[in-house]
Amino acid sequence: MTPDHVDISALKNHEGQSVTLRGWLYNKRSSKGLHFLVMRDGTGLSQCVVNQGEVDESSWQAAESATQESSIELKGLVRADEKQVGGYEVQVTEMNLIHQAEEYPITPKEHGVDFLMNHRHLWLRSRRQWAILRIRNSVIMSIHNFFQERGFLQMDAPILTGTAVEGTSTLFEMEYFGRSAYLTQSGQLHGEAMAMAFGKIYTFGPTFRAEKSKTRRHLTEFWMIEPEMAFYDLEMTMQLAEEMLSRIVSDALANCQAELEVLDRDLEPLKRSLSDYPRVSYDEAVEILHSEKTRKMVEDKIESLKSEATALTTESAEGKATYGQAKKWQKRKIDVREGEIQRRQSEIEEELRNLPKWLKSAQEFEWGNDFGGSDETLITWHYDRPIIVHRFPHGFKAFYMKRDPEDDRLALGMDVLAPEGYGEIVGGGERADDLGFLQDQVKKHGLPEEAFKWYFDLRRYGSVQHAGYGLGLERTVTWICGIHHLRETIPFARTLDRLYP
RNA sequence: UCCUCGGUAGCUCAGUGGUAGAGCAUUCGGCUGUUAACCGAAAUGUCGUAGGUUCAAAUCCUACCCGGGGAGCCA
């Protein structure tokens, strides 16, 4: 091993120099006397060319026998080449095979989700996962920097708790020295205690929900960031959430260009999400659901999906017509495209089945109900950036929410809904600060008063106006990446029926 | 828990009652600038499991198992 090796991401600083790279073989293309090795080292990809005429026999043999994901070490001359991945190419002068990989299960071809999830420990090495998880890192750093720069202290809430916070969600129960304990579903109540001690804090940790949700927006174990601030009202909290999300987006755009490029992310919606998030009251949101404009939007969407489906059918028929005379590589292209067409068509079919139901549920929406997933989606269609919905009927909100002094039917809650159909990424609001009210609410929600004794103390000793919210890390990363499913945004996803690997 | 789609080679899939298929991966051969490289050849199967219908089942029926998507609930 040489101590002077260079990261692929740093090749730009070594143009014209000889460097040593260490990593794994990502892909190999060969012709007589020549191997094109695409190497990865975690920081990036680089094509390394081994020319039989320019290396010794042992280096040539190493290149000959290296299989996909074999670990390798090589030395070579760095040269700029616009056409190559990463913009640089390495002309190899020496190569050493560290470990010859067995036949690698993940080939440079398509794979199904189940197979990839079963090989998650290896799937992490793929380029798309590289991009997504590096963006996750960027989002995490943005959050820490944002809060630290504003004087927030990072504090940890306990993961093991004795009771449910909101009483609604299902908790993971475990045996705890002869009694029951639960994995936390929110650090908020403890966050409030820490805010009363330190002013402004945020927790950053794992959260567990035993809900039997099998959707692209749910994990049983996910990471939540929960700021909690003394002397904050609802408006200040909405402003804070907007500035935080804006910071996350702006950092990702600045620092993750290559990653977003790999994901083929449309940057325009992100650029629009840098400021001016509309504030939409629950009342206004209900009006939107009932509006003629929403009806028109859904009908237009149905029309455009129908014409897209027709176009795809035509394209598929053309593909089949030319298939007979096509060359082998053309056939393969047609096959790949046909697969895409079929997937898109089944998506369209599902949307066409759903949209009339969505419209019906929106038009019949009754004041006082909580928004369903489809209602949220329809509301966000009216805007081109994240929106903040606020002041909900208290009926479906948590017991600790403060009532709106101007309308007792409402709670001072707020949700941030991400655009492009990504939905709720933040939920929070102003907390009730009156002891009597809170005790009353705990009773009304049928919660065990004993468990909340310490929480009531926060309203006994210097109670102040305060507020906070929870940000779902994986949902946020999913939105920034513009990907379909949040299971790719965490290294090892835990879902309803997946604990492996 | 409910609705819906699926399970065929290591992987992705085609095959709707009559001898089990293609591409990729693997192995071998060819090619000195490839970009999911290409060209040629070889090898690869408990058709999810159990039962049933039939001269004959991957294909039809029943039950079960596993997975995807969605609903409810939520970040």
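Chain letters run A, B, ... following the sequence lines, proteins first, then strands; residues in each count from 1.
The side chain of A:R487 approaches B:G69 more closely than any other nucleotide in the set B:C74, B:G33, B:G69. For A:R216, the listed nucleotide lying nearest its side chain is B:G69; candidates were B:G69, B:A71, B:A25. Residue A:T215 places its side chain closer to B:A71 than to any other of B:A71, B:G33, B:A75. Taking every side-chain heavy atom of A:E103 into account, B:A25 is the closest of B:A25, B:G67, B:U32. You'll find that the side chain of A:R498 is closest to B:G67, out of B:C11, B:G33, B:G67. Among the nucleotides B:G72, B:U12, B:C31, the one closest to the side chain of A:H111 is B:U12. The A:R209 side chain lies nearest to B:C74 when the options are B:G33, B:G69, B:C74. Side-chain atoms of A:R217 lie closest to B:C74 of the nucleotides B:G10, B:C74, B:A75. Closest approach to the A:L486 side chain among B:G69, B:U34, B:A75 is made by B:A75 (side chain taken as heavy atoms from C-beta onward).
Ranked by how close their nearest RNA chain B nucleotide is to the 5' end, A:K28 and A:S31 are led by A:S31. For the pair A:I425 and A:L496, both in contact range of RNA chain B, the more 5′-proximal nearest nucleotide belongs to A:L496.
Nucleotide B:G18 has B:C55 as its partner under the Watson-Crick or G-U criteria, with both atom distances under 3.5 Å. Across every strand in view, B:C2 sits in a pair with B:G70 that passes the Watson-Crick or G-U test at under 3.5 angstrom. Under the Watson-Crick or G-U wobble criterion, with both distances below 3.5 Å, B:A50 is paired with B:U62. Shown here, B:A9 forms no base pair; nothing in the strands shown gives a Watson-Crick or G-U wobble contact with both key distances under 3.5 Å. Across the strands present, B:A41 finds its partner in B:U27; the criterion is a Watson-Crick or G-U wobble pair with both atom distances under 3.5 angstrom.
To the nearest whole angstrom, the two C1' atoms, one in B:U16 and one in B:A56, are 15 Å apart. For the P atom pair drawn from B:U19 and B:C47, the interatomic distance equals 16 Å after rounding to whole Å. Straight-line distance between the C1' atoms of B:G21 and B:U59: roughly 15 Å, to the nearest whole Å. One C1' atom belongs to B:G33, the other to B:U27, and the distance between them is 26 Å to the nearest Å. Nucleotides B:A14 and B:G52 have their P atoms positioned 30 Å apart, rounded to a whole Å. Comparing the P positions of B:C66 and B:A50 gives a spacing of 16 Å, expressed to the nearest Å. Nucleotides B:U49 and B:A58 place their P atoms 11 Å apart, quoted to the nearest Å. Rounded to whole Å, the separation between the P atoms of B:U62 and B:G6 comes to 15 Å.
Residue contacts for A:N51: at a heavy-atom cut-off of 4.0 Å it reaches a base atom on one of the strands shown. Among the protein residues, A:E474 comes within range of no part of the nucleic acid, since none of its heavy atoms lies under 4.0 Å from any strand. Heavy atoms of A:E376 sit nowhere under 4.0 angstrom from any nucleic acid atom. Among the heavy atoms of the strands, none lies under 4.0 Å from A:Q52. The residue A:F115 sits close only to the backbone: its heavy atoms come under 4.0 Å of sugar-phosphate atoms, none of a base. Backbone-only contact: A:V426 has heavy atoms under 4.0 Å from sugar-phosphate atoms and none from a base. At a threshold of 4.0 angstrom between heavy atoms, the contacts of A:T207 with the nucleic acid are absent. As judged by a 4.0 angstrom heavy-atom cut-off over every strand, A:L473 is placed among residues making no nucleic acid contact. Counting non-hydrogen atoms under 4.0 angstrom, A:D370 reaches the backbone sugars and phosphates but no base. Across all strands shown, A:H485 has heavy atoms under 4.0 Å from sugar-phosphate atoms exclusively, and none from any base.
The base of B:U26 has none of its N or O atoms less than 3.5 Å from a complementary donor or acceptor on the side chain of A:E102. A donor-acceptor contact under 3.5 Å is formed by the side chain of A:H218 with the base of B:C74.
Salt-bridge formation is detected for the pair A:K360/A:E364: a Lys NZ or Arg NE/NH1/NH2 atom is positioned less than 4.0 Å from an Asp or Glu carboxylate oxygen.
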Exercise for the section: Decide yes or no on ring-ring contact (aromatic ring centres under 6.0 Å, His included) for A:F152 and A:F146, but give the supporting numbers first. Expected result: CA-CA 9 Å; A:F152 283 66; A:F146 174 85; 7.3 Å; no
Practice task
Evaluate ring-ring contact (aromatic ring centres under 6.0 Å, His included) for A:Y202 paired with A:H144, printing each intermediate quantity in order.
Solution key: CA-CA 9 Å; A:Y202 67 106; A:H144 279 298; 5.6 Å; yes
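The interatomic distance linking A:E211 (CD) with B:C73 (P) rounds to 10 Å, in whole Å. If you measure from atom CD of A:E64 to atom C1' of B:C31, you get 13 Å, rounded to the nearest angstrom. Regarding A:D114, its CG atom lies at a distance of 12 Å from the C1' atom of B:G48, rounded to whole Å. If you take CZ of A:F371 and P of B:C73, they are 13 Å apart, rounded to a whole angstrom. The distance between atom CD of A:Q84 and atom P of B:G33, rounded to the nearest whole Å, is 14 Å. Atom CG in A:L352 sits about 16 Å away from atom P in B:G70, given to the nearest Å. The distance between atom OH of A:Y88 and atom P of B:G33, rounded to the nearest whole Å, is 25 Å. Remark: C1' of B:G69 and NE2 of A:H484 are 8 Å apart, rounded to the nearest angstrom.
The aromatic ring of A:F222 sits over the base of B:A75, with ring centres less than 5.5 Å apart and planes tilted by under 30°.
The side chain of A:R128 contributes no N or O atom lying less than 4.0 Å from OP1 or OP2 of B:A36. Distances shown here put every side-chain N or O of A:H35 at or beyond 4.0 Å from the OP1 or OP2 atom of B:G33. Of the side-chain N and O atoms in A:R29, none sit less than 4.0 angstrom from OP1 or OP2 of B:U32.
The side-chain hydrogen bond (donor to acceptor under 3.5 Å, both in side chains) test with A:E474 is passed by exactly one of A:H218, A:R136, A:R487: A:R136.
When atom types are taken as modelled, the side chain of A:R29 and the backbone of A:N27 share no donor-acceptor pair closer than 3.5 angstrom. The main-chain N or O of A:R128 is never found under 3.5 Å from a side-chain atom of A:S126 such that the two would form a donor-acceptor pair. Between the side chain of A:K402 and the main chain of A:G429, no donor-acceptor pair closer than 3.5 Å is present.
Inter-residue side-chain proximity for A:E228 and A:T203 is flagged as unmet; no heavy-atom pair is nearer than 4.5 Å. A:L116 is not listed as a side-chain neighbour of A:R120, based on a closest heavy-atom distance of 4.5 Å or more.
In A:Q363, the CD atom is crowded: over 12 heavy atoms of neighbouring residues, nucleotides or ligands sit closer than 6.0 Å.
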